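Because the structure is a prediction, the values reported are computed rather than measured. By convention in this document, chain letters (A, B, ...) are assigned in the order of the sequence lines, proteins followed by strands, and residues within each chain are numbered from 1.
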2 protein chains.
Amino acid sequence: MLIKPAMNLEQVSPKKVSDFIFDRLEEAIILKEFMSDEQLPSERDLATIFNASRITVREALARLESLGLVEKRVGAKGGTFVLPITRNSHLRNRDEMRRNWDSMIEVFEYRMVVEPGAAYLAAQRIKKAELQQLRDYVTASIEPDCSREAFRSIDVRIHLSVAKASGNAYFDHAVRQIRTKINPALDLMPYSDRVKVNNYEAHRDLIAALEAGDADRSRDIMYRHIEHSAEAIRARVFADESFED
Amino acid sequence: MLIKPAMNLEQVSPKKVSDFIFDRLEEAIILKEFMSDEQLPSERDLATIFNASRITVREALARLESLGLVEKRVGAKGGTFVLPITRNSHLRNRDEMRRNWDSMIEVFEYRMVVEPGAAYLAAQRIKKAELQQLRDYVTASIEPDCSREAFRSIDVRIHLSVAKASGNAYFDHAVRQIRTKINPALDLMPYSDRVKVNNYEAHRDLIAALEAGDADRSRDIMYRHIEHSAEAIRARVFADESFED
DNA sequence: ATATAAGGTATAGACCTTAAACCATTTAAT
DNA sequence: ATTAAATGGTTTAAGGTCTATACCTTATAT
């Protein structure tokens, strides 16, 4: 006898245009497509980009502003500017993750399946230009003048590029979603030579495996890389000390 | 030097409440939570379930009706009823999949990563009641009086239950999404004893592995099961003959 | 015939979005 | 000092969507 699963009753509410715009801009800031002090396109340009009215764009920007992600300045040379992450927002992030650690674990579990899968496919399909782009990112990440924020931004781009090189929109989207969830946690990490070198070596080895078209090795390297990353985040979130680096 | 990725300009449009309701009902029908000739809840009940107005529910139902998924009848004993899949819609589905085979391949690739991952986690966490539910499903699926449609419905429920047993909302959601994409293809499959037995054995072995808490074996069985399924779909979609069984 | 349970329809008000115009502020060029 | 340009800030009118409520129509069972 078949038992019908209960009708999945979900409270739906309309997703407004301003919600979409807010989500996209928040994601862009979290993924560091815009870095600190960088200016977003003007309200008028954003309206054109998103094919929306200026008022609707302003509603999305107002939400970003109320979250402390951006700041507006009027006048010529004015505009909407991305605010740097403050020590306070760091601590708030950490507490939020401590309180909600179970949901972080869910993201990690998903990531450990999805990103190695993306690397596996990418090894079979990545194009020369994409490999070169990856190499440029990795090279830039190990330069001595690479700022902490630039380093974090490059790290995101490397992982998103591998997902894109998988040639599969599902992996691309999933990695983007995962990264948007965990990037605030990664921003908590210290910025030491040891971290830089560890990351450099993992990314370098991954690129070598991708270049060799070795899908299994690419997958394994990615798996170990993000396994290590998850453990480092866990240690950091539950560390007693506060953050100074 | 860092090169900024181009601003991802996407045309956003508001997602209306009726869109959400339409999506959920369409999904429920595709996943065979409602079977042929079954009655959906009344418009008034759906409005309560989704916390929306009746007019909005009617808009969603009108779209379902225009797609030929449901039919409305007025009067007492009237209501909204799920229509059976016709031979024509079968052929349309097949042609659509032939034309858009690349996007089917993307779903299969994603599925081969996500569902084995879900099975791996489920083996470590599945509860006694969930195992019993799975056993009941599998038993029902091999009964001689199990209709073709009931068989397909049970198949869906087994895979969704495993995803749910992973205890991870990301896997749960992803498997749902994947299944909604490929279920129309699975509906094209013949309903022979050979198919029934193959499915039965794969599901039986999977449950045994889950019950043993053997994560690696659960993952491998799931992988081979859906690899076989993808190949069977490919053969069916590109078969010359039309469908009689 | 009548009651009942559905779908079918109509109206008014609240909210969201667009388009277009205009105001206010700041900077750089003149 | 004046002015032009670029930006955010504001207003208004028109149209679309959603809610709430009420009432109409159809078909079945009693």
Side-chain angles (χ1 to χ4, degrees), chain A residues 7 9-26 28-29 34 36-83, chain B residues 7 9-26 28-29 34 36-83:
Chain A
M7 182 70 185
L9 75 80
E10 15 183 357
Q11 305 280 2
V12 287
S13 65
K15 185 146 183 178
K16 298 183 288 188
V17 172
S18 60
D19 295 332
F20 281 102
I21 296 174
F22 170 83
D23 287 348
R24 179 66 197 97
L25 291 176
E26 185 194 30
I29 292 169
F34 296 102
S36 287
D37 303 317
E38 198 173 336
Q39 184 176 10
L40 299 187
S42 72
E43 293 179 351
R44 288 166 178 87
D45 286 348
L46 285 172
T48 303
I49 289 171
F50 289 115
N51 196 28
S53 72
R54 231 187 107 201
I55 287 188
T56 305
V57 168
R58 282 173 60 75
E59 195 155 311
L61 292 177
R63 282 179 63 198
L64 290 174
E65 195 175 16
S66 76
L67 286 178
L69 290 175
V70 303
E71 167 189 81
K72 288 177 151 195
R73 299 180 208 148
V74 297
K77 299 289 166 180
T80 306
F81 296 84
V82 177
L83 287 173
Chain B
M7 183 69 187
L9 74 80
E10 15 183 358
Q11 305 280 2
V12 289
S13 64
K15 185 144 184 178
K16 298 184 288 187
V17 172
S18 62
D19 295 332
F20 281 102
I21 297 174
F22 170 83
D23 287 348
R24 178 67 198 98
L25 291 176
E26 186 193 31
I29 293 170
F34 297 102
S36 286
D37 303 317
E38 196 172 339
Q39 184 175 11
L40 300 188
S42 72
E43 294 179 349
R44 288 167 177 84
D45 286 348
L46 286 173
T48 303
I49 289 171
F50 289 116
N51 195 30
S53 74
R54 228 187 110 202
I55 287 187
T56 306
V57 168
R58 282 174 60 74
E59 194 154 312
L61 293 177
R63 283 179 63 196
L64 290 174
E65 195 174 17
S66 76
L67 286 178
L69 290 175
V70 303
E71 168 189 81
K72 289 178 150 197
R73 299 178 208 148
V74 297
K77 299 289 166 183
T80 307
F81 296 84
V82 176
L83 287 172

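- Summarising the geometry, the separation between CD1 on A:I21 and C1' on C:dT17 is reported as 10 Å, rounded to the nearest angstrom.
- At a threshold of 4.5 Å between non-hydrogen side-chain atoms, the residues B:V57 and B:I21 count as touching.
- B:R63 and B:E26 are not joined by a salt bridge, as no carboxylate oxygen comes within less than 4.0 angstrom of a charged side-chain nitrogen.
- Listed by residue number, A:R58 are the residues of residues 58-70 of chain A with a heavy-atom contact under 4.0 Å to DNA chain D.
- Between B:K16 and D:dG16 there is no side-chain polar atom (N or O) within less than 4.0 angstrom of OP1 or OP2.
- Atom-to-atom, CZ of A:F20 to P of C:dT18 comes out at 12 Å; the value is rounded to the nearest Å.
- Contacts of A:E43 classified as side chain to side chain contact (heavy atoms under 4.5 Å, CB included), with partners at least two apart in sequence or in another chain: A:R54, A:R58, A:L61, A:K72.
- One can place CG of B:L40 at 9 Å from P of C:dG7, the figure rounded to the nearest angstrom.
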| said: Strictly under 4.0 angstrom, non-hydrogen atoms only: write out the protein contact profile of nucleotides 19-30 of chain D, one letter per nucleotide from the 5' end, B, S or -. | reply: BB-BB--BBB--

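- Under a cutoff of 6.0 Å and an axis angle of 45°, B:R24 and B:F50 do not form a cation-pi pair.
- Close to D:dA6, at under 4.0 Å from its OP1 or OP2, lies no side-chain N or O of A:S42.
- Distances shown here put a side-chain N or O of B:T80 below 4.0 Å from the OP1 or OP2 atom of C:dG7.
- The distance between atom CD of A:E43 and atom C1' of D:dT7, rounded to the nearest whole Å, is 8 Å.
- Look at CZ on A:F22: it is 16 Å from P on C:dC16, rounded to the nearest Å.
- In terms of the salt bridge (charged side-chain N to carboxylate O under 4.0 Å, His left out) criterion, B:D37 has no residue partners (sequence neighbours excluded).
- With sequence neighbours left out, B:E65 forms a salt bridge (charged side-chain N to carboxylate O under 4.0 Å, His left out) with no residue at all.
- Counting heavy atoms from C-beta outward, B:F81 and B:L40 have side chains that stay 4.5 Å or more apart.
- In this entry the distance linking CZ of B:R73 with C1' of C:dG8 reads 17 Å, nearest Å.
- Figure legend: A:K15 and B:F20 shown without cation-pi pairing, the cationic atom not lying both under 6.0 angstrom from the six-membered ring centre and within 45 degrees of its axis.
- Among residues two or more places apart in sequence or in another chain, the side chain to side chain contact (heavy atoms under 4.5 Å, CB included) test is passed with B:S13 by none.
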